[in-house]
Amino acid sequence: MGVAVDKIFEDFLNKQSIFNNKDALTIQYTPDNIPHREEQIAALAKILAPALRMEKPSNVFVYGKTGSGKSLCTNYVCSQLNKISESKNVPLKVVYVNCKMRKVADTEYRLIAQLAREFGQNIPATGLPTDEVYKIFFETIDKDKKLIILILDEVDQLVKKVGDEVLYNLTRINQELKNAKINIIGISNDVLFMNNIDPRVKSSLNEEEMVFPPYDALQLKDILSERAKIAFNKGSISESVIAKCAAYAAREHGDARRALDLLRVAGEIAERAGRDRVEEKDVDLAEEKIEKETIEEVVKNLPVQSQSVLYAAFLILKSREPPVYTGEIYDVYKSICVRTATKPLTQRRVSDLISELDMLGIINAKVISKGRYGRTREISLSVSDEILNKIEDLLKVDLKL
DNA sequence: CGAGATTCATGTGAAGTATACCTTTAGGCTTAA
DNA sequence: AAGCCTAAAGGTATACTTCACATGAATCTCGTA
């Protein structure tokens with residue numbers, strides 16, 4: 001291999017990079033200034049302020065679509081709160097858990113276990129009774145006098161899966177605690193989430209309610225400009241590129257996360273092409289790339305069985321127009337299992353897997369009745385052909401076909 | 001011709017099972033007095 | 001006798017299976033106009 005790798009690295013270092021601080025364009029990044037959310041931040045701060053006097057603030061519920069700044073603002077306010085409490089020696093702890101994370105907090109046991117882990121406990125993945133884990137959690141918290149602010153991100157996902165008993169138990173904790181107090185901030189994408197929830201939970205959890213409206217294109221532009229100032233080096237980004245990203249993201253219910261992704265990926269594309277400024281066409285390329293990558297990411301992390309089911313759907317759709325029905329998929333799935341020498345799951349389970357794939361947005365599945373010819377799910381893929389081929393290759397590799 | 005019964009293919013809920021892992025407990029062995 | 005290790009016993013969460021029943025519109029049936 002006579003490739004001059006050292007030269008590539010050398011060039012990379014010598015060239016003035018487009019980026020100055022790419023982190024500013026990631027979702028983890030918390031900027032000092034959050035435009036167009038002043039109102040919500042102030043409201044949230046007012047609600048939580050009593051915490052500094054060791055009075056338990058009201059529980060809060062935050063609603064809003066993805067990328068409307070819910071998590072960001074909540075985390076921002078809480079970290080500020082944390083900063084002040086530290087300097088004034090107020091015993092306050094903020095815990096953030098995302099309930100959607102597979103294998104982390106997507107069941108009652110796992111959520112409580114995860115919470116206990118946040119407090120330094122070592123909880124096994126399985127084996128303990130859930131009550132026991134609750135007890136451990138209680139006792140750890142209650143060891144000394146403090147106030148805990150518990151942020152449950154995407155709780156709607158958790159409740160949809162395992163019911164609202166978890167929330168009930170959590171809201172009840174306060175009555176059992178002698179020293180500590182716990183305050184819950186729930187974050188949900190689903191505005192109608194509270195409707196079908198135990199009224200007892202509802203009343204105690206929904207003491208305060210906050211709605212984050214989606215950003216419009218202008219607001220997105222402000223946000224991006226703000227971040228771009230930090231992320232890019234001078235002169236490598238233009239107003240028009242930013243405007244384009246904002247416009248694209250505004251089309252999708254004003255998703256700021258998407259806007260940031262667009263900008264970041266566009267920058268990466270320009271950088272890789274060896275240019276020193278981002279151009280508008282990069283944004284178009286970025287949009288394609290993001291769609292491809294996010295789906296790829298999801299598919300890659302799928303359990304093998306789900307991959308097989310998905311692959312079955314691909315195979316059928318390659319030779320035919322949608323829609324495809326559950327029965328067909330199951331047959332093909334079984335033959336795939338024979339080829340990969342894995343034990344096929346039952347149709348019952350596959351039915352659930354199809355539902356999950358639907359939830360993930362990889363496929364569209366709709367239950368329909370075909371009258372005399374029974375009842376089934378009508379399934380189609382929700383991605384473009386080009387991405388479809390890419391995923392197919394990916395599955396082939398993963399399934400070793 | 002139309003109301004009501006029938007039918008099909010699979011959705012869906014509940015209960016049961018296998019697996020992997022946990023704590024407790026009872027021996028059994030070693031060790032120190 | 002006390003201490004320590006090990007293996008069995010008894011228990012749990014989770015992913016999956018088994019069983020059984022629910023669904024709902026196209027189609028069929030049959031009485032009636």
Side-chain angles (χ1 to χ4, degrees), chain A residues 97-140 157-170 196-198 298-299 301-313 315-317 320 322-338 340-360 362-381 398-399:
Chain A
V97 184
N98 188 321
C99 303
K100 207 175 77 180
M101 304 255 284
R102 281 179 78 87
K103 303 273 185 183
V104 176
D106 59 349
T107 69
E108 178 171 20
Y109 179 92
R110 297 215 258 243
L111 172 64
I112 307 301
Q114 184 58 33
L115 291 180
R117 285 192 200 107
E118 296 279 343
F119 286 87
Q121 290 292 332
N122 198 10
I123 308 284
T126 166
L128 290 188
T130 308
D131 304 359
E132 189 66 24
V133 183
Y134 266 109
K135 218 174 95 194
I136 296 174
F137 177 54
F138 272 30
E139 281 166 8
T140 338
Q157 303 279 335
L158 177 68
V159 172
K160 219 174 271 168
K161 223 181 133 185
V162 297
D164 53 12
E165 202 178 319
V166 205
L167 292 183
Y168 179 67
N169 288 335
L170 278 177
N196 26 3
I197 273 201
D198 188 323
V298 177
V299 171
N301 289 325
L302 241 35
V304 198
Q305 300 288 10
S306 300
Q307 288 187 339
S308 303
V309 173
L310 187 58
Y311 189 55
L315 284 186
I316 298 172
L317 283 172
R320 230 191 55 220
V324 179
Y325 304 112
T326 307
E328 303 172 278
I329 290 197
Y330 188 63
D331 290 340
V332 177
Y333 160 79
K334 271 195 294 192
S335 72
I336 290 175
C337 283
V338 172
T340 58
T342 49
K343 201 173 145 231
L345 300 174
T346 51
Q347 181 152 350
R348 176 72 185 79
R349 180 63 185 148
V350 169
S351 173
D352 281 348
L353 290 183
I354 290 175
S355 298
E356 279 170 31
L357 288 175
D358 182 33
M359 293 268 247
L360 285 172
I362 306 175
I363 62 176
N364 295 315
K366 203 170 112 206
V367 193
I368 52 145
S369 177
K370 290 187 295 157
R372 181 72 222 292
Y373 305 104
R375 184 180 139 87
T376 183
R377 273 201 190 92
E378 229 176 46
I379 295 153
S380 60
L381 298 168
D398 266 24
L399 296 172

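What you see is a predicted model; the values in this text were computed from it and never measured. Hydrogens, waters and symmetry mates are skipped; everything else that's a heavy atom, side chains included, is used. Chain letters run A, B, ... following the sequence lines, proteins first, then strands; residues in each count from 1.
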I want to check something: taking the side chain as every heavy atom from C-beta on, are [X] and [Y] in contact at a cut-off of under 4.5 Å?
X: Leu345(A); Y: Val309(A); result: no
X: Pro303(A); Y: Arg102(A); result: yes
X: Ile368(A); Y: Arg375(A); result: no
X: Tyr325(A); Y: Ile379(A); result: no
X: Ser355(A); Y: Arg377(A); result: yes

What nucleotide among dG11(B), dT7(B), dC16(C) has an atom nearest to a side-chain atom of Ser351(A)? dG11(B)
Do NZ/NE/NH1/NH2 and the carboxylate oxygens of Asp131(A) and Lys135(A) come within less than 4.0 Å? no
Any carboxylate oxygen within less than 4.0 angstrom of a Lys/Arg side-chain nitrogen, looking at Lys161(A) and Glu356(A)? no
Provide, to the nearest angstrom, the distance between the [atom1] atom belonging to [X] and the [atom2] atom belonging to [N].
X: Tyr325(A); N: dG24(C); atom1: OH; atom2: C1'; answer: 15 Å
X: Asp331(A); N: dT10(B); atom1: CG; atom2: C1'; answer: 13 Å
X: Arg349(A); N: dT12(B); atom1: CZ; atom2: C1'; answer: 14 Å
X: Asp358(A); N: dT12(B); atom1: CG; atom2: P; answer: 11 Å
X: Lys343(A); N: dA15(C); atom1: NZ; atom2: P; answer: 16 Å
X: Gln347(A); N: dA20(C); atom1: CD; atom2: C1'; answer: 15 Å
X: Tyr330(A); N: dC16(C); atom1: OH; atom2: C1'; answer: 12 Å
X: Glu378(A); N: dT10(B); atom1: CD; atom2: C1'; answer: 14 Å

Any residue of residues 103-113 of chain A with a heavy atom less than 4.0 Å from an atom of DNA chain C: Lys103(A), Thr107(A), Tyr109(A), Arg110(A)
Would you jot down, in residue-number order, the residues of residues 120-136 of chain A having a non-hydrogen atom under 4.0 Å from DNA chain C? Thr126(A), Gly127(A), Leu128(A), Pro129(A), Thr130(A)
Need to verify one output field. Residue with the more 5' nearest nucleotide on DNA chain B, Arg377(A) or Gly371(A)? Gly371(A)
What is the per-nucleotide protein-contact pattern of nucleotides 13-18 of chain B, from the 5' end, where B denotes a base atom under 4.0 Å from a protein heavy atom, S denotes such proximity for sugar-phosphate atoms only, and - denotes neither? B-----
Quick one: does Arg375(A) reach the base of dT23(C) with a side-chain donor-acceptor pair under 3.5 Å? yes
Going by atom types alone, do [X] and [Y] pair a side-chain donor with an acceptor below 3.5 Å?
X: Asn364(A); Y: Glu378(A); answer: no
X: Gln347(A); Y: Tyr333(A); answer: no
X: Tyr134(A); Y: Asn169(A); answer: yes

Please classify the nucleic acid contact of Pro303(A) as base, sugar-phosphate, or nothing, using heavy-atom distances under 4.0 Å. nothing
Just to be sure I understand the rule, does Thr346(A) reach a base, reach only the sugar-phosphate, or reach nothing, if contact means heavy atoms closer than 4.0 Å? base
Which residue is it: Leu381(A), Ile329(A), Leu317(A)? I am looking for the one with a side-chain contact (heavy atoms from CB on, under 4.5 Å) to Ile363(A). Leu381(A)
Shortest non-hydrogen contact from Ile354(A) to Ala365(A)? CG2-CB, 4.1 Å
